[in-house]
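Take a look at the structure set out below.
Any value given below was found using the heavy atoms of this structure, including those in side chains, with hydrogens, waters and symmetry copies removed. All figures in this text were calculated on a predicted structure; none of them were measured in a lab.
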Amino acid sequence: MSNDACGTDGEDIAGCRDDSYALILKLIAIAAILVAGVCGVAIPLVGKKRRFLRTDSNLFVGAKAFAGGVILATGFVHMLPDATEALTNSCLPENPWSKFPFSGFIAMMAALGTLLADFVGTQYYEKKQGEQSHSGKVDSSDLVSESGIVPVGTREYNEKVFGEEEGGAMHIVGMHAHAAHHRHSHSQEQGACLGNFQEDSHGHSHSHSFGSSGGEDDEFSVRHIVVSQVLELGIVSHSVIIGLSLGVSNSPCTIRPLIGALSFHQFFEGFALGGCISQARFQSFQSALMACFFAITTPIGIGIGIGISSIYNANSPRALIIEGILDSISAGILVYMALVDLIAADFLSKRMSCNTRLQVVSYLLLFLGATLMSLLAIWA
């Protein structure tokens, strides 16, 4: 792009500008993306009361794998190339923007920052959960001492370590939890898929089935609290950018394909986020608040874009730098969350390894989601 074009709207040069028709398409986009986002995030939240849509059903695991592929492709194929294009634009000074791969570096640092936030958040909620558990044990001991009744049996050998899901799924973050998992599970490797009763070295018989008690459910949900919050942060950061980009455009040629692409993307992104919120077991108000915040972010971005479209120049150096940096950050967060907290958490679980049919279907859906979202880059 020549320097003369940096101060003008590229759509004028392309010859595909129609302000009135573009405004109609933007309003359609707001409605379509809002409906897609609401439907996507609501299905796991409402469907958890339906057997076939519960978060522990095979259907949900398969759909989540598809959504994980969509999010992974969003980061690699859509956000990162857009960031590279913006930060290497000829409208920016050659030094330093063309001398160093800023987009990849910023995405890498964002992924590492997400890992740090993931770890710190997990430690915080684990400590908080431990303090609550300890407080409960102290209260229970006081009641026992007053009544003189001694409870028979403890959860010493049957309780899950932090970081272990139902069926033995192990999360990546939390190194000491990973070590504790190996110490805890070495005696249950045989028959783990069948949920058999195992005898430990102390002679106690206990079950390792997929069921769990209330306390274990609390520990299981702690991890998903962190995942849902970090995932929403990554989604919101790039939703504002894509909404703003669509809103400032006055080219029907650009907006028309974006409506379908962003609706598809918003639906499955919402499904993945809704699943994480559902697994975190937030209160109804908190779940609804997070779901609504996700659903309205892109439409709000489009609305802001419409408001500033007359004065906004997408080819100005400031706009290119801001867009490139935010796209890079979003790419790093989405790639990390997709690989670590959505894909690895499910695909490395005992439940997946014990069900060959579920493995095959989930892998096919994962690759299908990533491929379809990547193909959308042809049009949007």
Side-chain angles (χ1 to χ4, degrees), residues 25-75 78 224 227-229 231-243 246-247 255-303 330 334 337-338 342 346 361-362 365-366 368-373 375-376 379-380:
L25 289 178
K26 291 175 191 178
L27 297 178
I28 294 174
I30 290 176
I33 292 171
L34 181 62
V35 170
V38 169
C39 291
V41 76
I43 287 176
L45 297 178
V46 176
K48 63 182 178 182
K49 297 181 181 179
R50 301 289 185 269
R51 183 177 180 181
F52 68 98
L53 280 177
R54 288 173 55 185
T55 56
D56 58 351
S57 68
N58 289 343
L59 177 62
F60 176 81
V61 173
K64 190 177 175 184
F66 184 91
V70 169
I71 294 177
L72 186 64
T74 301
H78 291 265
H224 290 287
V227 171
S228 60
Q229 291 175 343
L231 179 60
E232 177 141 14
L233 174 64
I235 290 173
V236 166
S237 64
H238 87 271
S239 292
V240 172
I241 293 298
I242 60 178
L246 191 152
I255 299 172
R256 198 180 295 111
L258 280 176
I259 296 176
L262 293 182
S263 298
F264 175 85
H265 163 262
Q266 195 81 347
F267 178 85
F268 286 102
E269 212 168 50
F271 186 91
L273 178 62
C276 291
I277 294 174
S278 178
Q279 289 175 311
R281 293 176 171 86
F282 287 112
Q283 295 179 357
S284 297
F285 175 75
Q286 292 175 299
S287 298
L289 189 63
M290 293 182 70
C292 289
F293 189 60
F294 158 77
I296 65 175
T297 303
T298 303
I300 286 177
I302 297 174
S330 299
L334 292 180
M337 295 302 299
L342 294 179
D346 286 340
V361 172
S362 296
L365 289 173
L366 172 65
L368 180 63
T371 301
L372 290 179
M373 192 63 204
L375 289 176
L376 288 178
W379 301 280

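- Applying the side chain to side chain contact (heavy atoms under 4.5 Å, CB included) criterion to Ser330, with sequence neighbours excluded, gives Met79, Ser237, His238.
- Aromatic ring pairs are classed by plane angle as parallel below 30°, tilted from 30° to 60° and perpendicular above 60°; the pair Phe271 and Phe60 is tilted.
- Judged by distance alone, the side chain of Ser278 and the main-chain N or O of Gly274 form no donor-acceptor pair under 3.5 Å.
- For the side-chain contact (heavy atoms from CB on, under 4.5 Å) with Gln266, the lone residue among Thr298, Val35, Val41, Ile235 that qualifies is Thr298.
- Environment of CZ in Phe264: crowded, with over 12 heavy atoms of neighbouring residues, nucleotides or ligands closer than 6.0 Å.
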With side-chain contact (heavy atoms from CB on, under 4.5 Å) as the test, would you mind laying out the steps for Phe282 and Ile277 before giving the verdict?
CA-CA 7 Å; Phe282 287 112; Ile277 294 174; 3.9 Å; yes
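- Side-chain contact between Glu269 and Phe294 is present, with heavy atoms from C-beta onward closer than 4.5 Å.
- For His265 (side chain) and Ile71 (main-chain N/O), no donor-acceptor pair under 3.5 Å exists by modelled atom type.
- The two residues Ala295 and Val38 come nearest to each other via the heavy atoms CB-CG2, 3.8 Å.
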Test side-chain contact (heavy atoms from CB on, under 4.5 Å) applied to Phe293 and Leu289, step by step
CA-CA 6 Å; Phe293 189 60; Leu289 189 63; 5.8 Å; no
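- Considering Pro299, Ser263, Cys39 as possible partners of Leu34, the one that fulfils the side-chain contact (heavy atoms from CB on, under 4.5 Å) test is Pro299.
- Inter-residue side-chain proximity for Leu342 and Lys64 is flagged as met; some heavy-atom pair is nearer than 4.5 Å.
- Checked by atom type and distance alone, the side chain of Lys26 pairs as donor or acceptor with a backbone atom of Gly247 at under 3.5 Å.
- No side-chain heavy atom of Met373 sits under 4.5 Å from any side-chain heavy atom of Leu72.
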